[in-house]
Amino acid sequence: MQQAACRNADTVIVLDFETTGMSPDQGDRAIEIGAVKLEAGQLADRFQGLMNPGLRVSAFIEGLTGISNEMLVGAPACEEVMNEFADFIAGHDLVAHNASFDRRFLDAELARIGRGYSGEFACSMLAARRVYRDAPDHKLGTLVAYKGIPHDGTFHRALADAEMTAGLWLGMLGDITARHEFANIPFSLMQELARVPAAAAAGFLGRARRRNQVKQKCRVC
DNA sequence: TGCCAGGCCCTCTTTAGGGCCTT
């Protein structure tokens with residue numbers, strides 16, 4: 001059986017990496033992964049792991065994340081943590097804020113251990129640019145404040161950021177449902193939303209809702 | 001502190017350039 005056929009459409013993994021820098025192609029590595037599993041809009045599970053990249057992180061990263069070199073010395077190797085994480089995300093679609101960044105590190109770290117994943121990515125930042133066009137900007141912290149998403153004040157730690165991204169994701173789904181009267185919002189629609197011009201997003205959602213209604217009527221018939 | 005890279009978006013564009021966002 002193909003892995004893609006096993007994906008649960010009601011379940012997504014919202015993830016966030018802390019890393020040594022911006023680019024795995026330049027030698028940067030992951031130092032922490034955090035993720036939450038959402039099942040039918042409810043938080044069902046968490047994953048958090050510091051990992052030792054085998055190199056020292058800069059003072060800038062220590063200051064930004066609060067993750068020190070001393071903390072990483074005693075952490076398990078990236079290979080061990082990422083192997084567990086590959087099991088955690090198996091068969092599920094994935095969400096991240098500025099997903100292109102997290103996808104590069106996920107791909108790079110899993111490639112190192114010969115693992116992969118079958119889910120597809122959606123980006124909460126690209127979706128938010130279309131749903132919340134009046135927000136001051138679309139940084140995660142700004143959107144959390146803008147939408148009043150509960151948090152404990154921790155930023156730039158993987159699990160905390162993943163939980164806030166999950167809150168933002170659920171909030172967007174709720175706002176789209178309320179504004180456009182969706183009965184349900186497929187994951188693929190959120191991917192498509194991220195690809196339409198921002199100015200055309202409202203029209204896109206209106207047309208998508210009408211298509212959704214037609215499908216539902218057909219099911220009744 | 002701000003740069004590094006990569007992908008994406010927007011517009012005074014499309015044979016381009018600047019800005020956003022992630023660590």
Side-chain angles (χ1 to χ4, degrees), chain A residues 13-36 47-69 71-72 75 78 81-82 85 89 94-112 120-147 149 151 154-169 171-172 188-205:
Chain A
I13 304 288
V14 184
L15 64 92
D16 183 75
F17 276 104
E18 304 305 318
T19 71
T20 63
M22 304 303 282
S23 176
D25 291 338
Q26 301 294 316
D28 288 317
R29 299 292 305 274
I31 58 174
E32 188 179 43
I33 178 67
V36 297
F47 186 102
Q48 188 274 333
L50 277 175
M51 57 189 108
N52 186 343
L55 53 91
R56 292 184 64 81
V57 301
S58 67
F60 174 78
I61 293 296
E62 284 187 315
L64 178 71
T65 65
I67 299 172
S68 67
N69 284 290
M71 292 165 66
L72 294 175
C78 293
V81 175
M82 291 307 300
F85 189 62
I89 65 175
L94 308 168
V95 173
H97 200 70
N98 196 11
S100 66
F101 175 86
D102 293 280
R103 182 170 53 196
R104 285 202 307 276
F105 279 93
L106 180 64
D107 291 349
E109 293 295 345
L110 291 183
R112 285 174 172 269
E120 296 187 17
F121 261 100
C123 178
S124 58
M125 182 192 74
L126 294 179
R129 281 179 175 171
R130 286 149 181 79
V131 177
Y132 302 132
R133 299 195 67 196
D134 293 335
D137 59 53
H138 298 90
K139 296 180 177 74
L140 179 59
T142 302
L143 291 167
V144 165
Y146 180 73
K147 292 302 298 177
I149 295 168
H151 63 87
T154 302
F155 290 89
H156 294 299
R157 287 301 299 265
L159 182 57
D161 284 4
E163 289 178 338
M164 287 186 286
T165 302
L168 173 64
W169 185 254
M172 277 195 289
S188 59
L189 183 126
M190 295 299 285
Q191 292 179 300
E192 291 175 36
L193 173 63
R195 290 193 283 264
V196 302
F204 166 80
L205 289 170

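First the proteins, then the strands, lettered A, B, ... as listed; each starts at 1.
Remark: A:His138 is in phosphate contact with B:dC21, judged by side-chain N or O atoms under 4.0 Å from OP1 or OP2. Residue A:His156 places at least one side-chain N or O under 4.0 Å from the OP1 or OP2 atom of B:dT23.
Among the protein residues, A:Ala99 comes within range of no part of the nucleic acid, since none of its heavy atoms lies under 4.0 Å from any strand. A:Ile31 comes within contact range of no nucleotide atom at all, as no heavy-atom separation falls under 4.0 Å. Note on A:Asp28: nothing from the nucleic acid sits closer than 4.0 angstrom, heavy atoms only. When heavy atoms are screened at a 4.0 angstrom cut-off, A:Ala198 is found touching the sugar-phosphate backbone but no base atom.
We find that CG of A:Leu106 is positioned 16 Å from C1' of B:dG6, with the value rounded to whole Å. Residue A:Asp25 contributes atom CG, which lies 16 Å from atom P of B:dC4 at whole-angstrom precision. A straight line from CG of A:Leu193 to C1' of B:dC9 spans 14 Å, rounded to a whole angstrom. Whole-Å rounding puts the A:Asp107 CG to B:dA5 C1' distance at 15 Å. Spacing between atom CZ of A:Arg195 and atom C1' of B:dC8 amounts to 13 Å, rounded to whole angstrom units. One atom, CZ of A:Phe105, and another, P of B:dT23, lie 10 Å apart when rounded to the nearest Å. Going from atom CE of A:Met125 over to atom P of B:dC20 covers 12 Å, rounded to whole Å. If you take CZ of A:Phe101 and P of B:dG6, they are 13 Å apart, rounded to a whole angstrom.
The minimum heavy-atom distance between A:Glu120 and A:Gln191, with the atom names listed, is OE1-NE2, 3.1 Å. Contact between A:Val144 and A:Met164 at its shortest, heavy atoms only, is CG2-CB, 3.7 Å. Contact detail for A:Leu143 and A:Ile149: the closest heavy-atom pair is O-CD1, 4.4 Å. Across every non-hydrogen atom of A:His138 and A:Tyr132, the tightest pair is NE2-O, 2.9 Å. Residues A:Arg104 and A:Met22 come closest through the heavy atom pair NH2-O, 3.2 Å.
Ring geometry for A:Phe85 versus A:Phe17: interplanar angle over 60°, hence perpendicular rather than tilted (30 to 60°).
Atom name P, nucleotides B:dG18 and B:dC12: the rounded distance is 15 Å, in whole Å. Taking the C1' atoms as reference points, B:dT13 lies 14 Å from B:dG19, given to the whole Å. Rounded to whole Å, the P atom of B:dC4 lies 22 Å from the corresponding atom of B:dC9. One C1' atom belongs to B:dT1, the other to B:dG17, and the distance between them is 25 Å to the nearest Å. B:dT22 and B:dT15 have their P atoms separated by 31 Å, given to the nearest Å.
Among B:dC21, B:dC4, B:dG6, the nucleotide with an atom closest to any side-chain atom of A:Ser23 is B:dG6. Relative to the side chain of A:Arg130, the nucleotides B:dC9, B:dT23, B:dG6 differ in distance, and B:dC9 lies closest. With B:dT22, B:dC21, B:dT23 as the candidates, the nucleotide lying closest to the side chain of A:Leu64 is B:dT23. Of the candidates B:dT1, B:dG7, B:dT22, the closest approach to any side-chain atom of A:Ser100 belongs to B:dG7.
Both A:Asp137 and A:Gln26 sit near DNA chain B, but only A:Gln26 has its closest nucleotide nearer the 5' end. Both A:Ala199 and A:Asn98 lie close to DNA chain B; mapped to their nearest nucleotides by heavy-atom distance, the more 5′-ward contact belongs to A:Ala199.
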